[in-house]
Each structure stands twice: as C-alpha cells, then as structure tokens.
Amino acid sequence: MSGSILILAGRRHGAVDALAEAYGVADKCLVPVAGRPMIAHVLESAADSGVRQVFVSTHHADLLGDLKDPVVDLLRDRLIVVAAADNLADSVLAIAGVANFPLLITTADNCLLTPATIAEIEGEAERLGADAGVALARREDVLAVHPEGQRRFYEFSDVAVSNCNAYWIGHPNALRAAEAFRGGGQFVKKPFRVMQAFGLINLLRFRFGLGPIHHIFGQISRHLKVEIAPFLVSNGATAIDVDNERSLRVTEALMKRPDIVNPRPSSRGNPAERGAAGERQLAVTR
C-alpha cells in the first residue's frame, strides 16, 4: 500500500478498560492475543502491506517500552508514535501535516486485519474513485467465519453489513470526513451519534434501512461535502475486533486458521540478532 496507516490506540477519558484491567496491562492495546500484544498483530499487517508510514496514536507515554515485540524493529523508522487527542477526529487531524496520503485509519484491536484486506481496500478506493471510504463486511461473510464473531449489523435495503474499523482518506481535503467521528464511533450502539455526524434524515435511513447502501452513502456524502463510499471487503473476519473476552477467544481461534488470516509466528528471529533497543530508529512526537 502507498501512503500511511494510522492505528488508533488511545483510551477514553476517565474510562477503565475491562480487558486491560483483567490482564494487568496499562492499555487495552497491550492485552495479549495469541501470545502477542494485540497491537503487534495490527502493526505487522501494516508492515507487511509495504506502507510508507505507520502512525500509532496513544495516551501511553512509554508504549514502545512496554510493547516489547519484534515488530518494532521490523518497522524501524516507518513507525511514528504520536500523542492521542481527546477525541478521534482530532487524533486523525493531528497527523494531517506529516502523513503521506492516502491514509488508512484503523484501531489497535483490529487484530484480524490482513495485508490482503488492506490491499483490497486500496483497490476498492481506486475502483470507486472515492475521496474517502468505510470498510464493511457483509453479514453472511461475517457469520460464515464465526457465528459468534459479531452480533450487531447495519441494515440497508439491499445488504446487512458490519463495520471493519478501517477508514480510507484519499487526500487531505477529504479529512473533513473525520469530523463525523468527533464524538466517537460505535454508531450501532449509540444511534444518536449518527444524527450528530450525518444528520437526522440519515439517522432514520440507518435505523430503518431506508434505501440501498450506495444511495445512503451518497446522501451522507452530500451532508459532509466529501465523497464517501462503502468498501465491501471479502474477508468477514475483518469485522471481528477484540472488545471483550468472548471476541478475544474468537480472534485467537480464527488466527489458527490459515484460510482466514495469514498465520504469524509469535516472534521474528532471535532477540540477540535483532540488535539492542537503543539501535531502533523511531520517530516519536508529542
């Protein structure tokens, strides 16, 4: 993939993540999944995609020190850690002046995002000629992967989909689409956020499936004044993120299936061969 990937690894102000507390780690992104911190899986997919820059937005001042995973050395100076803002929109806008575009935004718990799906998203962006896009998986594809993988879906008149926590921004002018997430995501759980982001009429369209998916995204595009398209990806596992103990176990089970995700080792090489931590070439901004 050309351009950059931004991994959102911040925390909600004042909130204590149940998974992080249960596993005794400072942040949810450090919770072990299949023997590695969950963010390491996302970082490795980013690294294997060939992307030029990988940004991690976090409130954790010593994230890299606590990460202790070979993927840090694998990425080297492609890895850029930035301080997270108080909301998702400002965390995205914070890197606008330094990121190469196009920009793919995802989350630290999106462990089943693969390089193949990253390439598929880029291909859909080119095919549809969109300024921005949202990666979505069809309900039948998600349930075929695992019946307990995802329980909430957006209903449209022609398709039911689940969010894959992957968002495409084609160029800097399309960053106005990020304003839709100033109040946070989780639109299925909190429909009022749809109204705040997309307007009352589009809230009704989302809640009652009033129209086909591309038509409704066209209405949203007009509201936000940027062309946003749905990218329907083929791997239903992409819609399964690690939110709780149940989805963590589902994710670990799927990681054992080479037909679902690319199998990955728990480490790359011998630590002594990778060099000392002080030799890492990392750009850290605050």
Side-chain angles (χ1 to χ4, degrees), residues 1-9 27-58 63-64 67-82 95 99-100 102-125 133-137 141-142 145-146 149-150 162-169 231 233-243 247-248 250-269 282:
M1 172 187 161
S2 59
S4 307
I5 291 178
L6 169 63
I7 301 172
L8 299 171
D27 269 298
K28 176 186 173 183
C29 68
L30 297 171
V31 169
V33 177
R36 302 175 72 181
M38 68 170 66
I39 193 173
H41 298 285
V42 188
L43 286 168
E44 187 148 356
S45 285
D48 290 346
S49 74
V51 70
R52 294 172 62 185
Q53 296 170 301
V54 180
F55 295 89
V56 176
S57 176
T58 178
L63 176 64
L64 296 181
L67 183 55
K68 297 182 178 66
D69 190 275
V71 73
V72 175
D73 291 321
L74 176 67
L75 280 164
R76 290 187 170 272
D77 57 358
R78 285 192 289 163
L79 180 59
I80 305 168
V81 177
V82 296
I95 67 164
N100 290 293
L103 173 66
L104 178 67
I105 304 162
T106 189
T107 55
D109 58 8
N110 201 3
C111 300
L112 297 175
L113 176 68
T114 67
T117 299
I118 293 172
E120 186 178 13
I121 291 170
E122 185 171 37
E124 279 295 280
V134 180
L136 303 164
D141 293 334
V142 178
V145 166
H146 199 290
Q150 183 57 262
S162 183
N163 188 1
C164 294
N165 280 344
Y167 310 94
W168 176 269
I169 305 291
F231 300 159
V233 301
S234 57
N235 188 348
T238 316
I240 302 171
D241 54 8
V242 181
D243 275 336
S247 54
L248 190 156
V250 169
T251 297
E252 290 185 324
L254 291 174
M255 283 182 170
K256 297 176 182 178
R257 292 175 51 183
D259 61 316
I260 299 299
V261 296
N262 300 326
R264 299 200 182 103
S266 60
S267 63
R268 286 176 178 253
L282 301 174

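Treat the numbers as computed from the prediction; the structure is a model and nothing was measured.
For the side chain to side chain donor-acceptor pair (under 3.5 Å) test, no residue two or more places apart in sequence or in another chain qualifies with Thr251. Listed by chain and number, the residues in a side chain to side chain contact (heavy atoms under 4.5 Å, CB included) with Val250 are His146, Ile240, Leu254 (sequence neighbours excluded). Annotation: side chain to side chain contact (heavy atoms under 4.5 Å, CB included) contacts of Asp241 (sequence neighbours excluded): Asp109, Asn165, Asp243. Under the salt bridge (Lys or Arg N to Asp or Glu O under 4.0 Å) criterion, Glu120 pairs with no residue, sequence neighbours left out. For Asp141, the side chain to side chain donor-acceptor pair (under 3.5 Å) criterion is met by no residue, not counting sequence neighbours. Not counting sequence neighbours, the partners of Glu124 by the side chain to side chain donor-acceptor pair (under 3.5 Å) test are Arg127.
Here the side chains of Arg52 and Met1 are not in contact, with every heavy-atom distance at 4.5 Å or above. Taking the side chain as every heavy atom from C-beta outward, Asp27 and Leu63 never approach each other to under 4.5 Å. When side chains are defined from C-beta on, Met255 counts as touching Cys111, because their heavy atoms get closer than 4.5 Å. With a 4.5 Å cut-off on side-chain heavy atoms, Pro32 and Leu248 do not count as touching. In this structure, Ile80 and Val54 have side chains that are not in contact, with every pair of non-hydrogen atoms separated by 4.5 Å or more. The shortest side-chain heavy-atom distance between Ile5 and Ser49 falls under the 4.5 Å cut-off. A heavy-atom distance below 4.5 Å is not found between the side chains of Val71 and Asp73. Side-chain contact between Leu6 and Leu104 is absent, with no heavy-atom pair separated by less than 4.5 Å.
Closest heavy-atom contact between Cys164 and Val233: SG-CG2, 3.9 Å. Of all non-hydrogen atoms in Val145 and Ala237, the two that sit nearest each other are CG2-N, 3.7 Å. Minimum heavy-atom separation, Ile118 to Ser45: CD1-O, 3.9 Å. Contact record, Ala108 with Val42: O-CG2, 3.5 Å, taken as the closest heavy-atom pair. Shown here for Pro37 and Asp69, the closest heavy-atom pair between the two residues is CD-OD2, 4.0 Å. Between Ala135 and Asn163, the shortest heavy-atom contact is O-OD1, 3.6 Å.
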Check: So Ile39 and Ile7, side chain to side chain contact (heavy atoms under 4.5 Å, CB included) or not? Walk me through it.
Finding: CA-CA 8 Å; Ile39 193 173; Ile7 301 172; 4.2 Å; yes
Checklist line | side chain to side chain contact (heavy atoms under 4.5 Å, CB included) between Leu43 and Leu67, worked out | finding: CA-CA 11 Å; Leu43 286 168; Leu67 183 55; 3.9 Å; yes
Next item on the list: Dump the intermediate steps for side chain to side chain contact (heavy atoms under 4.5 Å, CB included) on Met38 and Leu30, then the final yes or no.
Entry: CA-CA 6 Å; Met38 68 170 66; Leu30 297 171; over 6 Å; no
Margin query: Using side chain to side chain contact (heavy atoms under 4.5 Å, CB included), reason through Leu113 and Thr106 one step at a time and then give a plain yes or no.
Written below: CA-CA 9 Å; Leu113 176 68; Thr106 189; 3.9 Å; yes
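Formation of a donor-acceptor pair under 3.5 Å by the Arg78 side chain with backbone atoms of Val51 is found in this model. Here the side chain of Lys28 pairs a donor or acceptor atom with the backbone of Val242 at under 3.5 angstrom. Between the side chain of Gln150 and the main chain of Ala239, a donor-acceptor pair closer than 3.5 Å is present.
Interatomic distance, CG of Leu103 versus CH2 of Trp168, reported as 9.0 Å (0.5 Å rounding). Of the inter-residue distances, the one linking Arg36 atom CZ with Lys68 atom NZ reads 15.0 Å to the nearest 0.5 angstrom. The CG atom of Asn100 lies 7.0 Å from the CZ atom of Phe55; values are rounded to the nearest 0.5 Å.
There is a side-chain donor-acceptor pair under 3.5 Å between Ser2 and Glu122.
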